[in-house]
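Before any comments, here is the structure.
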Amino acid sequence: MATERYNPRASEPKWQKAWAEAKLFETQNDDPRPKYYVLEMFPYPSGRIHIGHVRNYAMGDVVARYRRARGFNVLHPMGWDAFGLPAENAARDNKVNPRDWTYANIDTMKRQLKTMGLSLDWSREIATCDPAYYRHQQKLFLDFWKAGLVERKSAKVNWDPEDMTVLANEQVIDGRGWRSGALVEQRDLTQWFFKITAMSQDLLYSLDTLERWPDKVKLMQANWIGRSEGLLLRWPLAEGTAPAGESELEVYTTRPDTIFGASFMAIAADHPLARKAAEGNPALAAFIQEVKHGGTSAAEIETAEKKGFDTGIRVTHPFDPAWTLPVYVANFVLMDYGTGAIFGCPSGDQRDLDFANKYGLPVVPVVMPADADAATFQITETAFTDDGVMINSRFLDGMSPAAAFEKVADLLEQRSLGNRPMGERKVQFRLRDWLISRQRYWGCPIPVIHCEVCGAVPVPAKNLPVELPAEVSFDKPGNPLDHHPTWKHVDCPQCGKPARRDTDTMDTFVDSSWYFARFTDPWNEDQPTTLSAVDGKRGWLPVNQYIGGVEHAILHLLYSRFYARAMKATGHLNDAVEPFEGLFTQGMVVHETYKGADGWAAPSDVRIEEVDGKRRASLIADGSPVEIGPIEKMSKSKKNTVSPEEITDSYGADTTRWFMLSDSPPERDVEWTDDGAAGAHRFVQRVWRLVADGAEILDSVAAGTGGEGDALAVSKAAHKSVKQVGEDIEKLAFNRAIARLYELVNSLQPALASIISANADADAGSKAAMRQALEFLVLLIAPMMPHLAEECWDALGNGGMAAEQHWPAFDPVLTVDNEIVYPVQLNGKKRGELTISRDADQGAVEKAALALDAVQKALDGKAPRKVIVVPQRIVNVVI
RNA sequence: GCCCCUAUGGCGGAACUGGUAGACGCGUCCGACUCAAAAUCGGAUUCCGCAAGGAGUGCUGGUUCGAUUCCGGCUAGGGGCACCA
């Protein structure tokens with residue numbers, strides 16, 4: 001039969017138009033069907049869609065289309081994470097307005113996205129740079145402030161000298177700015193913070209409720225929040241050594257059990273006690289200056305030598321009034337963790353040991369391995385940090401460190417120093433408050449006015465949004481808002497005197513911390529959210545399935561979890577505290593790299609040939625040899641990118657989607673290869689040929705289920721596929737779903753060929769079963785290849801669109817086999833096969849297995865020692 | 001340094017809860033159709049061996065009738081955190 005090749009270039013736009021005209025994907029909030037919210041992390045409008053976006057959105061679209069077919073009211077929106085520094089860089093370099101640049105990019109990318117045939121509700125599109133969006137973000141900020149979740153404070157902050165802005169802790173990676181890669185410096189600045197630490201405990205413990213999150217992500221967040229249990233310990237300062245007005249030193253420790261191994265105290269250079277001690281001690285003051293100035297970058301801190309300076313201050317040991325210990329200022333103690341002071345136990349901590357050895361301080365072992373000898377156990381170069389037995393610790397001797405911890409904590413909680421207890425159990429978190437001020441233009445303005453009289457004053461609600469000025473100059477380095485001639489000069493809303501706007505904008509991670517909530521009702525002009533759209537039975541939150549890259553495991557996902565809680569605290573949400581019920585982190589798209597004499601070469605400029613079984617690459621332009629390098633994440637700098645547009649132009653969106661979903665499990669990286677894409681396209685044509693040929697001969701046949709023979713086999717293949725593909729999609733195992741579909745097509749192809757060759761003689765049952773199988777096939781591929789599915793559905797002449805059809809229902813009877821093939825093992829090694837009825841009882845299976853030639857031969861007349869029959873699985877004969 | 005993950009043919013990977021290892025795809029080889037090519041279709045493809053047969057899921061030891069799967073010890077690769085007291 002001569003069937004024309006499927007032409008995606010003609011078909012795809014046709015169906016995209018049909019879907020849009022039927023408004024199939026525009027979701028109503030009052031739809032009575034059960035809701036399903038599927039969301040992919042929205043893109044930054046950088047200019048072009050890249051293949052990683054395609055993979056991400058293809059996955060989300062499979063879920064959306066599948067859930068829709070299962071009868072859910074599906075919300076599947078798209079928007080733009082549109083604020084950020086690249087727009088300012090483009091403005092500076094190309095003399096364009098950041099807004100114009102951003103919106104031009106959005107236009108391009110939206111057009112590109114539309115060619116992918118994604119089932120998105122574009123009526124809810126939002127861009128975070130739109131005042132209609134960020135006005136609500138300013139409202140949220142002010143509400144958070146009122147609720148005590150925002151704080152303006154002076155702190156040591158990370159300063160990115162290249163982007164000329166401060167950065168949050170989470171945005172410093174290996175001591176460098178996450179965007180610029182510049183070495184980050186520490187600066188003391190007064191900035192705005194979200195008090196995310198107020199929620200440390202809940203953010204940590206609630207991770208356990210996130211059953212459909214990857215363990216890896218939960219673990220990373222748990223480590224980032226970093227909970228530790230310890231003791232606040234107040235050491236009395238020894239008389240005669242304390243600066244005026246000081247009487248104690250408070251330290252935080254997780255090892256109060258090692259208190260008898262203490263040999264010194266160490267405090268941070270900016271600890272108040274250090275400052276006081278330095279008054280009248282020029283040498284100490286000089287040391288403190290050195291610590292503060294020496295190396296501000298994280299990289300320098302890492303390699304810096306551990307140094308200390310004796311303050312002359314002494315503390316008294318809580319369990320021995322005669323025992324005093326020196327207080328050092330040390331360069332490795334951090335002011336912003338714990339109390340900025342520690343006690344050093346050299347035998348139990350390597351860093352303390354190095355410090356003690358350097359300054360000749362005593363080293364007393366207090367924990368030893370259970371099998372060591374207390375009389376001879378020594379610590380010299382390596383600290384002992386494992387579990388063991390307490391020694392040299394008076395009343396703690398012989399205890400486990402855990403028991404000693406409790407004992408010391410109990411005792412010191414009873415004792416008091418001044419009017420407070422000497423010891424206090426304390427849970428400490430590593431998490432820091434979220435610094436959101438950015439000294440940049442292209443972001444959401446912080447809606448605050450600074451008045452010399454009234455201080456920081458919120459912009460009144462009626463004056464929101466605080467809009468960015470349209471005209472802005474990037475000629476000078478630094479913050480353009482600050483340089484703007486008029487923008488910042490306003491009157492104080494409280495006293496009316498001249499005042500000035502806060503010229504900082506919010507971290508762009510704020511924008512993406514609540515966009516998922518805004519999608520539920522982007523039309524609400526008064527409030528960030530509509531409670532009926534987010535909460536309760538009809539409410540959209542939490543997002544049922546969120547899909548994006550692992551690179552957001554901490555930043556975006558932690559901030560969003562904070563935001564949901566803060567929005568609940570301020571009445572913008574009632575139910576949800578966890579924004580994302582299910583999270584899936586997909587792998588990257590990777591590609592081989594090519595390096596020629598003039599540097600990296602793009603795949604499209606390289607020709608690959610096989611010579612003597614070895615792959616060789618050369619430049620298409622001049623034939624010069626190119627080295628084939630490792631497979632790496634696609635990046636502009638290595639030029640190993642492929643353009644989704646090119647692939648879609650030549651093969652169509654369905655092929656691109658299919659290939660991105662096949663082979664590799666979605667959480668792993670997938671390698672883009674031309675052969676793989678060609679293979680996917682081959683399958684597109686195979687499906688089309690199969691369905692088109694079938695449609696021709698089965699034109700007037702009604703779909704049905706086969707009762708016997710070939711017809712039954714076809715029905716079984718079809719019904720099994722429905723079951724398995726559905727299960728695989730629900731588990732997001734797209735690669736397995738695709739493998740099943742290949743199997744189905746592989747089995748239908750010869751079956752249809754024999755119906756065609758028999759034609760008039762083919763029995764009605766076979767034709768009905770084949771018709772049903774083809775209809776199933778079309779609906780099963782529809783989530784991955786929606787355009788092809790429509791074209792096939794149309795060819796089958798069933799009416800309506802594939803995208804409107806319900807997911808086919810399988811008959812459970814047809815998904816099981818009546819005959820079981822048992823592998824028969826001898827001592828665990830397969831020696832034969834046994835085909836027997838499904839209902840055969842264990843005795844019958846055993847008997848039949850023992851009767852096999854191979855088994856008889858091996859038994860040689862003897863009785864087997866044991867026969868194991870696992871129903872429906874295997875037989876093992878033990879001799 | 002601490003924490004975590006991964007390891008299966010030439011390649012991507014499959015194998016439910018401990019039950020036939022290598023589904024499916026890519027590549028390669030052989031064949032059909034064709035004047036030829038493309039497209040398509042059929043077959044083969046873990047390794048050793050002509051074969052019978054044997055070996056085999058990073059290495060190593062264990063549990064079990066039976067281990068890719070569970071446990072112990074290693075090796076390699078990847079990721080996260082890192083002066084956090």
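Just so it is clear: chains get the letters A, B, ... in the order the sequence lines come, proteins before strands, and each one is counted from 1.
Atom pair A:Ile874:CD1 and B:rU20:P shows a separation of 5 Å (rounding to whole Å applied). The distance between atom CG of A:Asp215 and atom P of B:rC5, rounded to the nearest whole Å, is 8 Å. Distance CH2 (A:Trp658) to P (B:rC26): 12 Å, rounded to an integer number of Å. Separating the CG atom of A:Asp352 from the C1' atom of B:rG1 is a distance of 15 Å, rounded to the nearest angstrom. Rounded to an integer number of Å, the gap from CG of A:Asn331 to P of B:rC84 is 13 Å. Between A:Leu558 atom CG and B:rC81 atom C1' there is a gap of 14 Å when expressed in whole angstrom units. In this structure, A:Trp178 places its CH2 atom 18 Å from C1' of B:rG80, rounding to the nearest Å. In this entry the distance linking CG of A:Asp693 with P of B:rU40 reads 14 Å, nearest Å.
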Can you give each donor-acceptor pair under 3.5 Å made by side-chain atoms of residues 827-834 of chain A, sequence neighbours left out, with the distance rounded to 0.1 Å?
| residue | atom | partner | partner atom | Å |
| --- | --- | --- | --- | --- |
| A:Asn827 | OD1 | A:Ile879 | N | 2.9 |
| A:Lys830 | NZ | A:Glu833 | OE2 | 3.4 |

Can you give each donor-acceptor pair under 3.5 Å made by side-chain atoms of residues 257-271 of chain A, sequence neighbours left out, with the distance rounded to 0.1 Å?
| residue | atom | partner | partner atom | Å |
| --- | --- | --- | --- | --- |
| A:Asp257 | OD1 | A:Arg255 | NE | 3.3 |
| A:Asp257 | OD2 | A:Arg255 | NE | 3.1 |
| A:Asp257 | OD2 | A:Arg255 | NH2 | 3.0 |
| A:Thr258 | OG1 | A:Arg255 | O | 2.8 |
| A:Ser263 | OG | A:Pro362 | O | 3.1 |
| A:Asp270 | OD2 | A:Lys156 | NZ | 3.3 |
| A:His271 | ND1 | A:Leu273 | N | 3.1 |

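Applying the side-chain hydrogen bond (donor to acceptor under 3.5 Å, both in side chains) test to A:Arg425 and every residue at least two apart in sequence or in another chain returns A:Glu406, A:Asp410, A:Glu413.
Separation of the P atoms belonging to B:rA55 and B:rA76 is 30 Å when rounded to the nearest angstrom. B:rA15 and B:rA7 are spaced 12 Å apart, taking the P atom of each and rounding to whole Å. Distance check on atom P: B:rC26 versus B:rA21 gives 26 Å, rounded to whole Å. Between B:rG9 and B:rU63, the two C1' atoms lie 29 Å apart (nearest whole Å). For B:rU28 and B:rG78, the C1' atoms lie 30 Å apart once the distance is rounded to whole Å. The same atom, P, is picked in B:rU46 and in B:rC11; the two are 13 Å apart, to the nearest Å. When the P atom is used for both B:rG25 and B:rG42, the distance is 11 Å, rounded to whole Å. Rounded to whole Å, the separation between the C1' atoms of B:rC4 and B:rA82 comes to 15 Å.
Of the options A:Arg234, A:Glu424, A:Met422, a side chain to side chain contact (heavy atoms under 4.5 Å, CB included) to A:Leu412 is made by A:Met422 and by none of the others.
Checking the phosphate oxygens (OP1, OP2) of B:rU17, no side-chain nitrogen or oxygen of A:Arg873 falls inside 4.0 Å. Dashed line: the shortest gap from a side-chain N or O of A:Arg668 to OP1 or OP2 of B:rU6 is not under 4.0 Å. Here A:Arg831 reaches the OP1 or OP2 of B:rG54: one of its side-chain N or O atoms lies under 4.0 Å away. Applying the 4.0 Å criterion to OP1 and OP2 of B:rA14, one finds that A:Asn735 has a side-chain N or O inside that range. Remark: A:Lys866 is in phosphate contact with B:rC65, judged by side-chain N or O atoms under 4.0 Å from OP1 or OP2. The shortest distance between the side-chain N/O atoms of A:Arg740 and the OP1/OP2 oxygens of B:rA14 is not below 4.0 Å. Close to B:rA85, at under 4.0 Å from its OP1 or OP2, lies no side-chain N or O of A:Tyr252.
Between A:Glu727 and A:Lys731 there is no salt bridge, since no side-chain nitrogen of the basic residue lies less than 4.0 Å from a carboxylate oxygen of the acidic one. Contact check on A:Arg838 versus A:Asp817 returns no salt bridge, with no Lys/Arg side-chain nitrogen under 4.0 Å from an Asp/Glu carboxylate oxygen.
If you check every strand for non-hydrogen atoms under 4.0 Å, A:Asn876 touches a base. A:Gln428 comes within 4.0 angstrom of no nucleic acid atom, judged by non-hydrogen atoms across all strands.
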Watson-Crick and G-U pairing of RNA chain B written in dot-bracket, each distance under 3.5 angstrom, with | for inter-strand partners:
(((((((..(((......[....)))((((((.......))))))(((....)))..(((((..]....))))))))))))....

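Of the N and O atoms on the side chains of A:Gln724 and A:Asp728, not one donor lies less than 3.5 Å from an acceptor on the other residue.
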Kindly determine whether A:Lys307 and A:Glu290 satisfy salt bridge (charged side-chain N to carboxylate O under 4.0 Å, His left out), including the steps that lead there.
CA-CA 11 Å; A:Lys307 276 193 261 184; A:Glu290 184 195 325; 2.9 Å; yes

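If you look at A:Trp213 and A:Phe584, their ring centroids are not closer than 6.0 Å.
Taking the six-membered ring for Trp and thresholds of 30 and 60 degrees, A:Phe355 and A:Tyr359 have ring planes inclined between 30 and 60 degrees apart.
Checked against B:rU40, B:rC84, B:rG13, the side chain of A:Tyr337 finds its nearest nucleotide in B:rC84. You'll find that the side chain of A:Trp224 is closest to B:rA82, out of B:rC24, B:rC83, B:rA82.
Looking at residues 259-266 of chain A, you'll see that no heavy atom sits under 4.0 Å from any atom of RNA chain B.
The list of salt bridge (Lys or Arg N to Asp or Glu O under 4.0 Å) pairs with a residue in residues 741-756 of chain A, not counting sequence neighbours, is empty.
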